[in-house]
Novice: 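This is the structure I have questions about; it appears just below.
The figures here come from the full heavy-atom set of this structure, side chains too, leaving out hydrogens, waters and symmetry mates. These figures come from a predicted structure and were not determined experimentally.
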Amino acid sequence: MFAALSGIRRSARAARLAATTTVTGLVAAGVLSGAGAAVADGTPQTQGGATATINGLKTYGQAVIHADGEDQRVTAGLFEMSVDGGGALQTYCVDLHNPTQRDAHYRETAWSATSLAANKDAGRIRWILQNSYPQVNDLAELARRAGAGTLTEQDAAAGTQVAIWRYSDGAKVDAVDPQAEKLADYLEKNARNSGEPQASLTLDPPAVSGRPGDLLGPVTVHTNAGTVAVAPPADAATDGVRITDRTGKVLTTARNGSRLYFDVPEDAADGTAQLTVQASTTVPVGRAFVSDSRSQTQILAGSSESTVSATATASWAAEGAIPAVSARKNCARGGVDITAANKGDQPFTFELMGAEHTVPAGASRTVSVPLQEDQAYDFTITGPHGFSHRFTGILDCKTQGAISTETTQVRNQPSPATVGGTAADTTDLAATGSSAITPLIAGVAIGLVVIGGAVLVILRRRETTPRG
């Protein structure tokens with residue numbers, strides 16, 4: 001549902017968020033030779049796929065949450081999202097106690113970057129998605145399986161969401177409509193573990209490095225699309241960098257498993273480049289969607305043909321350290337993993353949260369940065385030859401919250417793209433919280449830059465063989 005839960009005690013969450021700012025700050029800056037380039041905009045920890053804007057709750061019924069001796073009626077059902085570049089998605093909530101921000105921007109991500117990482121029942125949620133509405137759109141057949149008599153779209157959406165909440169949040173929740181409740185009970189009882197779905201499109205690794213004159217990579221394409229379009233670096237015409245296969249053949253398209261290389265001329269000046277791949281495909285059911293605005297986590301129930309994309313970067317230099325740095329949220333560890341690879345002939349040294357780390361030539365190292373739940377982070381790693389990479393985001397790995405009886409009427413905005421169902425003019429929604437949380441996020445960002453906390457950093461070293 002659009003706000004997940006009518007009347008969340010957001011003041012408690014706000015206090016907790018503000019408190020974590022004073023407890024743990026996060027600042028990272030390189031202390032390396034070479035002039036640093038201007039820092040680019042913050043880079044969210046995304047590995048590619050679909051990005052979309054949430055349009056609101058579109059097909060829904062009613063449910064009752066039982067918690068702390070209170071019964072709270074809430075709306076429960078399907079959201080819709082408009083995909084950047086074209087397409088539409090249908091999603092359910094897997095983050096019951098967190099509000100949804102109006103028009104929040106979402107990106108596809110792995111379960112490891114969400115609360116599903118530590119949820120032993122995540123696979124059962126995917127089974128529910130595959131075996132209920134809208135994947136099963138024959139409502140008469142769905143009702144027969146569930147022994148529910150007849151089901152409307154609203155009943156089917158509400159019953160499916162209720163079953164998901166029982167596994168995603170461990171909630172004691174019932175559908176108000178008896179037929180929807182029968183569907184929820186059927187889905188909960190029959191759910192079986194199903195594996196995490198493949199990403200719609202990713203590039204691995206997202207960053208590579210090496211010497212001019214070499215093929216830098218490989219960067220492997222992972223996708224469920226038949227083919228993807230490969231866009232060369234924007235300035236390729238001037239610096240001569242090409243995207244090729246292992247034999248040096250220029251590539252304009254690729255497919256799942258293709259290995260891409262940056263072909264950098266031998267006389268190229270030290271620098272960096274970025275490639276982009278894009279495709280049109282249906283996003284696999286069960287993929288998670290998150291927002292750095294702290295809008296509640298969603299899980300995919302249906303997809304039209306949608307635009308998906310991914311990027312990878314390359315850095316090169318004639319001598320010295322040649323870093324390639326990437327970041328990934330790791331909810332199992334409760335933080336962010338920073339991976340730095342060095343294809344140069346000298347050690348790559350960088351500073352993170354007041355501690356200095358060195359990656360030997362030809363090796364890589366992962367620095368795991370523990371964070372508090374709901375903590376915003378903003379840090380930059382710089383290196384030689386103008387290398388600078390900034391990472392920003394908010395750690396959102398847990399479902400948590402409390403129920404109150406406060407409700408607010410909020411009008412949904414019209415949706416430019418829909419995937420079935422009928423848009424409602426109004427619905428019972430908890431306040432989106434955008435006006436309350438925005439100053440907090442800004443305050444956290446400032447606090448992170450000023451404070452810079454002392455946090456335990458866990459290092460995992462692994463020697464790697466440089467790839468040509």
Side-chain angles (χ1 to χ4, degrees), residues 43 45-50 108-110 112 196-237 239-266 268 270-281 283-284 287 307-317 322-328 337-344 348 359 361-366 387 389 462-468:
T43 303
Q45 279 61 75
T46 177
Q47 280 70 56
E108 181 184 343
T109 192
S112 61
E196 181 176 359
Q198 177 186 4
S200 62
L201 178 59
T202 61
L203 293 174
D204 184 43
V208 295
S209 62
R211 298 193 180 285
D214 293 341
L215 293 178
L216 311 188
V219 174
T220 303
V221 177
H222 299 284
T223 184
N224 69 335
T227 60
V228 300
V230 178
D235 54 357
D239 63 20
V241 177
R242 307 181 303 164
I243 306 303
T244 72
D245 64 11
R246 187 175 181 179
T247 68
K249 177 184 176 181
V250 173
L251 297 176
T252 57
T253 62
R255 62 184 63 226
N256 185 48
S258 293
R259 294 188 170 191
L260 311 180
Y261 294 82
F262 292 81
D263 184 0
V264 182
E266 188 171 1
D270 298 349
T272 63
Q274 177 176 283
L275 74 87
T276 300
V277 295
Q278 182 172 294
S280 181
T281 187
V283 182
R287 289 294 289 171
T307 300
V308 296
S309 63
T311 60
T313 60
S315 302
W316 61 87
I322 314 175
V325 179
S326 60
R328 185 188 302 262
D337 289 346
I338 307 296
T339 298
N342 178 17
K343 294 297 183 69
F348 169 49
V359 183
S364 69
R365 171 178 293 185
T366 295
F387 177 86
H389 210 138
R462 58 184 176 86
E463 298 296 325
T464 60
T465 302
R467 287 178 284 192

Novice: As a quick check of understanding, evaluate side-chain contact (heavy atoms from CB on, under 4.5 Å) for L201 and H222, giving each step before the final call.
Specialist: CA-CA 6 Å; L201 178 59; H222 299 284; over 6 Å; no

Novice: For the pair E108 (side chain) and A50 (backbone), establish whether a donor and an acceptor sit closer than 3.5 Å, ignoring hydrogens and angles.
Specialist: yes

Novice: Would you check if there is a donor-acceptor pair between the side chains of N224 and T281 at a distance under 3.5 Å?
Specialist: yes

Novice: To the nearest 0.5 Å, how far apart are OG1 in T109 and CZ in R328?
Specialist: 8.5 Å

Novice: Whether the side chain of N342 engages the backbone of V359 through a donor-acceptor N/O pair (distance < 3.5 Å, no angle test) should be reported.
Specialist: yes

Novice: Going by heavy atoms in the side chains, are I338 and V325 under 4.5 Å from each other?
Specialist: yes

Novice: Could you grab the distance from atom CG of D214 to atom CZ of F262, nearest 0.5 Å is fine?
Specialist: 14.0 Å

Novice: Between T223 and S200, is there a donor-acceptor pair closer than 3.5 Å when you use the side chain of the first and the backbone of the second?
Specialist: yes

Novice: Report the distance from atom OG1 of T311 to atom CG of L203, rounding to the nearest 0.5 Å.
Specialist: 7.0 Å

Novice: What pair of heavy atoms forms the shortest contact from P197 to P284, and how long is it?
Specialist: CB-CB, 3.8 Å

Novice: Tell me the closest heavy-atom pair linking G344 and A361, and the distance in Å.
Specialist: O-CB, 3.1 Å

Novice: Mind listing the closest non-hydrogen atom pair of A340 and F348 along with its distance?
Specialist: CB-CE2, 4.0 Å

Novice: Using side-chain contact (heavy atoms from CB on, under 4.5 Å), reason through V208 and V219 one step at a time and then give a plain yes or no.
Specialist: CA-CA 8 Å; V208 295; V219 174; 3.8 Å; yes

Novice: Could you measure the distance from the CZ atom of R211 to the NZ atom of K343? Nearest 0.5 Å is fine.
Specialist: 11.5 Å

Novice: Let me confirm one number: the CD1-OG1 distance from I322 to T272, rounded to the nearest 0.5 Å.
Specialist: 13.0 Å

Novice: Is the backbone of A199 close enough, under 3.5 Å, to the side chain of T202 for a donor and an acceptor to pair up by distance?
Specialist: no

Novice: Can you tell me how far CG of D263 sits from CD1 of I243, rounded to the nearest 0.5 angstrom?
Specialist: 8.5 Å

Novice: Output, in order, the C-alpha distance, side-chain angles, deciding distance and verdict of side-chain contact (heavy atoms from CB on, under 4.5 Å) for V277 and L260.
Specialist: CA-CA 10 Å; V277 295; L260 311 180; 4.0 Å; yes

Novice: So, for A310 and G48, which heavy atoms are closest and what is the spacing to 0.1 Å?
Specialist: CB-CA, 3.9 Å

Novice: Let me know which of T313, V264, V241 forms a side-chain contact (heavy atoms from CB on, under 4.5 Å) with L216.
Specialist: V264

Novice: Please determine whether a side-chain nitrogen of the Lys or Arg among E196 and R287 lies less than 4.0 Å from a carboxylate oxygen of the Asp or Glu.
Specialist: yes

Novice: How close do V228 and R255 get, heavy atom to heavy atom, and via which atoms?
Specialist: CG2-N, 4.5 Å

Novice: With heavy-atom distances below 4.5 Å as the criterion, would you say the side chains of T244 and L215 are in contact?
Specialist: yes

Novice: Taking atom types as modelled, is there a side-chain donor on T339 or T366 under 3.5 Å from an acceptor on the other?
Specialist: yes

Novice: If you look at every heavy atom in L251 and R259, which pair is closest and at what distance?
Specialist: CD1-O, 4.4 Å

